[in-house]
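On a predicted model such as this, the values are computed, not experimentally measured, just so you know. Only heavy atoms go into these numbers, but all of them, side chains included; no hydrogens, no water, no symmetry mates. In what follows, every chain begins at residue 1, and chains take the letters A, B, ... in the order their sequences are listed.
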Amino acid sequence: MKAISMEYNYRDIENKWQALWKESDIYQVTEDKSRKSFYVLDMFPYPSGAGLHVGHPLGYIASDILSRYKRLKGYNVLHPMGFDSFGLPAEQYALETGQHPAVTTEKNIATFKDQLEKIGFCFDWSREVRTSDPDYYKWTQWIFLQLFKSWYNNKSDKAESIDTLVSELNEHGTLRLTDNKNIEIDAAQWKAMNEKDQQDVLMNFRLAYSSYGEVNWCEGLGTVLANDEVVNGVSERGGFPVEKKKMRQWFLRITDYADRLLQGLEKVDFSESMKEMQRNWIGKSEGAELDFRLTPGPSPRGEGGEAIIKVYTTRPDTIFGVDFLVLAPEHDLVQQITTEDQRSSIDDYLKYVKSRSDRERLAEVKQVTGCFTGAYAIHPFSGNKIPVWIAEYVLSGYGTGAIMAVPCGDQRDFDFATHFNIPITNIIGEAYNGKEANPTKDAILQNSDFLNGIVMKKAIGIAVDKIESLGLGKRKVNYKMRDAGFSRQRYWGEPFPIIWKDEMAVTLPESELPLELPFVENYKPGKEGKGPLANLTDWTNTPQGTRETSTMPGYAGSSWYFLRYADPHNNTAFASKEKTDYWNQVDVYIGGTEHAVGHLLYSRMWTKFLFDTGLISFDEPFRKLINQGMITGKSYFFATQNGKIVSYNEPAKDINFIRFKYGHKVVDSTRKLTRKNLELFLQDGLHEKPKFDIAWQGSGDDAFIIVKEESEKMSKSKFNVDNPDDLVAQYGADTFRMYEMFLGPIEQSKPWDTKGIEGVHRFLKKLWRLYIDEQKGVIVTHGEADNESLKVLHKTIKKVEDDIERYSFNTAVSAFMVCVNELTDLKCHNQSILEPLLILLAPYAPHIAEELYHLIGNSTSVINASFPKLDEKYLVESEKEYPVSINGKVRTTITISLDALQDEVETIALNNETVMKWIGDKKPKKIIYVKNKMINVVV
RNA sequence: GCGCAUGUGGUGAAAUUGGUAGACACGUCAGACUUAGGAUCUGAUGCCGCAAGGUGUGGGGGUUCGAGUCCCUCCAUGCGCACCA
């Protein structure tokens with residue numbers, strides 16, 4: 001039996017090499033100091049039950065190509081993968097099915113790894129990390145303890161051991177740090193305090209701290225959530241309503257790092273929109289805090305002391321435009337300053353405010369509501385009486401919870417003043433038209449005493465200086481960002497290494513880490529909003545006290561995992577400094593935008609903290625961030641009316657849309673939608689009202705409906721998930737890899753569409769035929785390569801190198817296609833061309849490259865080859881036909897040598913008949929010779 | 001409302017510093033070889049026009065010998081933030 005068909009059998013080739021690579025541990029890397037390191041990282045996935053979809057690998061493929069490329073370039077490349085395996089979904093699943101999260105997680109990870117392996121990634125699996133692994137979370141707990149034992153010293157502008165704070169207090173007592181971080185006790189008082197009180201003081205400084213505070217409580221999930229996990233008043237995961245609740249919680253004092261997180265953005269290579277999102281989240285604003293005294297009056301003003309209202313403003317220049325003050329309804333002073341006349345109205349208003357949920361408040365932003373307190377404040381400069389109001393539009397959580405209202409300059413203040421007939425003072429002359437506020441900073445101030453005639457921009461500084469010098473207030477920087485909630489009333493997370501004793505948090509000794517997550521029978525929440533761990537009394541009660549029963553949030557483990565990859569099996573430290581120094585920062589980090597304000601900010605904070613403590617030597621984790629665009633799925637909808645499918649002749653109104661799974665039967669031969677299918681989807685309750693047009697097709701008895709497709713994020717519930725396995729099975733991993741790159745720029749979102757995949761597959765077959773003839777076998781020739789083929793090769797080397805270096809992964813694919821097309825045309829089968837080509841291609845299509853590399857006689861792996869050297873001499877053409885443009889319009893061509901001198905070109909051009917025909921007898925003003933591009937004659 | 005990003009053929013998209021716009025691929029059309037073709041190969045394909053030619057990168061304006069690229073302005077789409085004082 002002869003005729004071993006030598007066609008491109010991707011299935012066998014890929015299986016074979018994947019097995020061999022695995023066997024030989026070819027992707028394992030060590031800290032080889034003789035080579036420069038390069039660290040390429042993907043955001044590690046949460047191992048969901050759904051497995052991988054086509055959107056996942058997009059980033060992984062790009063990072064894989066980059067890693068393989070850098071490796072060919074001689075770098076020692078760290079390219080690890082792991083799993084963010086703690087988290088809510090596994091626990092929700094456990095609640096429903098009773099299966100232990102550890103079991104489902106394990107199973108899901110196996111599926112993920114299997115899928116990843118089939119795509120041929122070069123991950124060093126010996127460095128795999130899993131956040132739910134005790135050997136890993138031991139160090140998450142350890143870092144938490146370090147945070148607990150540290151405080152942020154504004155003087156040194158870094159985190160320090162809490163001991164430095166203690167000794168400071170022992171020696172000097174009073175500590176002046178920033179506005180909101182003062183301890184005003186003397187050393188004697190401090191020493192006189194009992195331990196509990198001392199601990200309470202320290203708790204106000206620890207970077208991981210516990211406190212009673214308003215938290216986002218999500219009843220549906222039975223836990224609290226961090227601000228970034230709440231979207232529009234509902235939980236990001238599951239969409240359950242979220243309410244404010246006072247509870248004892250753990251927090252991360254990320255606000256102390258606000259400024260450094262902001263400054264750090266200057267030195268990292270993130271996209272502008274990503275930086276902007278982070279800046280937005282941090283929300284720094286500079287302004288002033290200003291005191292308004294209240295007029296003395298008959299109304300109760302608290303015991304003895306006169307009430308002072310502190311307002312926060314970013315526009316102190318508008319101080320003379322203040323017509324009233326507004327307090328948040330929750331403001332502490334509200335009860336104290338309300339006059340008897342107004343008391344009942346205020347109480348009614350407060351009742352009304354309380355009845356409204358966060359969601360209602362958000363939804364009805366435009367509505368103007370408020371109530372007068374009866375109190376008046378004194379304008380600090382003019383001495384005028386200013387009414388004090390309360391209103392919903394002032395938030396208690398921002399600034400001081402009180403504002404000075406300047407209706408002529410702020411639209412909300414304007415609306416409020418108009419609504420309640422409060423007279424408006426104009427301080428910007430003609431810039432204010434009386435119909436709406438003008439928030440300009442460029443107007444010249446009037447009616448403004450010492451600020452008259454000054455441009456607002458300049459007046460800001462002048463006003464603050466005056467305010468400060470008169471002791472009426474001070475400069476103040478404000479942040480929108482709040483400290484991050486760090487505890488969850490959940491099971492499937494890292495337990496806190498904390499024991500509560502006499503209301504004091506006691507840390508577990510490091511020798512007792514990891515504090516392993518105990519086994520539980522069921523995942524029902526404990527009493528009083530506590531997590532499932534609270535049900536395990538055997539576990540919670542220890543001789544030293546009661547264990548903390550909440551667990552750490554999902555972002556705990558992911559805030560430092562990139563460091564662990566450098567030294568994943570270290571048992572004595574989270575990673576040795578020697579190794580983190582070697583691998584250093586992540587050179588390129590690839591992942592989605594959805595982590596803009598969560599994971600990325602927390603990682604940056606943890607890195608800065610570990611840097612402060614001297615445990616690592618860099619304070620930004622990621623040098624460059626690439627945000628892969630989302631690959632959206634196509635959803636298909638059918639129109640229905642009263643539960644029936646809308647037919648061609650019916651009028652199209654009151655139409656509902658039913659989500660339908662894409663399938664050939666339905667969309668291709670759309671004669672009718674079967675009753676069974678319809679019922680199935682009606683039962684799923686997936687009624688939706690999308691905004692697109694309906695496309696009617698056919699007529700009469702043949703009428704059918706195709707409802708246009710819509711691109712959305714892929715999700716199981718939307719029936720629009722495409723699974724990479726199918727494509728890999730049908731076309732092979734190499735085709736799949738190249739196709740995902742070929743789709744378009746990595747950072748762009750795009751709908752998933754397989755219709756172009758054939759083209760890529762055809763390319764690989766065409767490539768194969770350069771090396772192999774189905775009958776004759778290997779047809780590679782030896783000897784000198786011809787000049788034309790060499791030009792093609794070197795052009796490709798240059799293009800591919802340039803493209804990958806600028807992360808343009810899609811254009812390099814085209815370069816390969818052009819190359820193979822041209823070599824096919826040239827009938828080039830020369831080894832000295834075709835071997836380097838395989839090395840070039842190996843990052844994109846490693847399997848076929850490896851197979852051919854061996855078939856043409858190599859015994860080593862293409863993975864360990866060296867990137868072909870570019871010889872520039874093949875890039876230049878000795879003579880070239882240049883387009884000649886006359887006044888910018890191309891009219892003819894001239895053939896000259898590439899390195900012709902400018903005056904030589906001019907002579908040739910002026911002797912050229914066609915050129916002369918175009919310019920006639922006019923003298924050209926100048927002749928521009930754009931090297932390698934064109935010649936332009938300006939007449 | 002504010003901020004950021006993006007607008008190029010029937011489609012996905014190229015054009016790296018301003019220099020022949022539409023590479024490459026899909027699709028479509030025509031053809032070759034075939035018992036067959038969902039294999040392979042060749043050619044055509046922005047639009048108008050038989051053609052010469054004209055026109056063309058969301059609209060308008062500007063800078064330049066020359067603009068998809070730079071500037072101004074308007075429009076559309078996507079994402080983010082949103083009573084943040």
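- Under the 4.5 Å side-chain criterion, counting only non-hydrogen atoms from C-beta, A:I779 is not in contact with A:Y771.
- For B:C41, the OP1/OP2 oxygens have no side-chain nitrogen or oxygen of A:R762 closer than 4.0 Å.
- Between B:U64 and B:G18, the two C1' atoms lie 9 Å apart (nearest whole Å).
- Remark: the separation of the C1' atoms in B:G27 and B:G46 is 15 Å, to the nearest Å.
- The number of heavy atoms from other shown groups lying within 6.0 Å of NZ (A:K284) is above 12.
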Practice item. Summarise protein proximity over nucleotides 4-23 of chain B in one line of letters, 5' to 3': B for base, S for sugar-phosphate only, - for none, counting protein heavy atoms closer than 4.0 Å. Key: S------SBSSSB--BB--B
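- Residue contacts for A:D413: at a heavy-atom cut-off of 4.0 Å it reaches no nucleic acid atom on any strand shown.
- In this structure, A:Y398 reaches the B:A85 phosphate: one of its side-chain N or O atoms is under 4.0 Å from OP1 or OP2.
- If you check every strand for non-hydrogen atoms under 4.0 Å, A:R769 touches sugar and phosphate atoms only.
- One atom, NZ of A:K480, and another, C1' of B:C84, lie 5 Å apart when rounded to the nearest Å.
- The same atom, C1', is picked in B:G12 and in B:U6; the two are 16 Å apart, to the nearest Å.
- Using a 4.5 Å cut-off on side-chain heavy atoms (C-beta onward), A:Y349 and A:E392 make contact.
- Classification of the A:H761-A:Y10 ring pair by plane angle, with boundaries at 30° and 60°, yields perpendicular.
- If you measure from atom CG of A:N821 to atom C1' of B:G43, you get 15 Å, rounded to the nearest angstrom.
- For A:M817 and B:A25, the CE to C1' distance is 6 Å, given to the nearest whole Å.
- Of the possible donor and acceptor atoms, none in the side chain of A:S448 sits under 3.5 Å from a partner among the backbone N and O of A:L445.
- Across B:G66 and B:G43, the matching P atoms stand 38 Å from one another, rounded to whole Å.
- Using atom C1' as the reference point in both B:U8 and B:G59, the two lie 15 Å apart (nearest Å).
- Searching all strands for a Watson-Crick or G-U wobble partner of B:G53 with both distances below 3.5 Å returns B:C48.
- Taking atom P on both nucleotides, B:C47 is separated from B:C2 by 41 Å, rounded to a whole Å.
- In this entry B:C81 has B:G1 as its Watson-Crick or G-U wobble partner, both defining distances falling under 3.5 Å.
- Spacing of P atoms, B:A23 relative to B:U16, comes out at 15 Å, to the nearest Å.
- When the side-chain nitrogen and oxygen atoms of A:K765 are compared with OP1 and OP2 of B:U40, one or more of them lie within a distance under 4.0 Å.
- The SG atom of A:C819 sits 13.0 Å away from atom NZ of A:K799, with the distance rounded to the nearest 0.5 Å.
- Nucleotide B:U42: paired with B:A30 (Watson-Crick or G-U wobble, both distances less than 3.5 Å).
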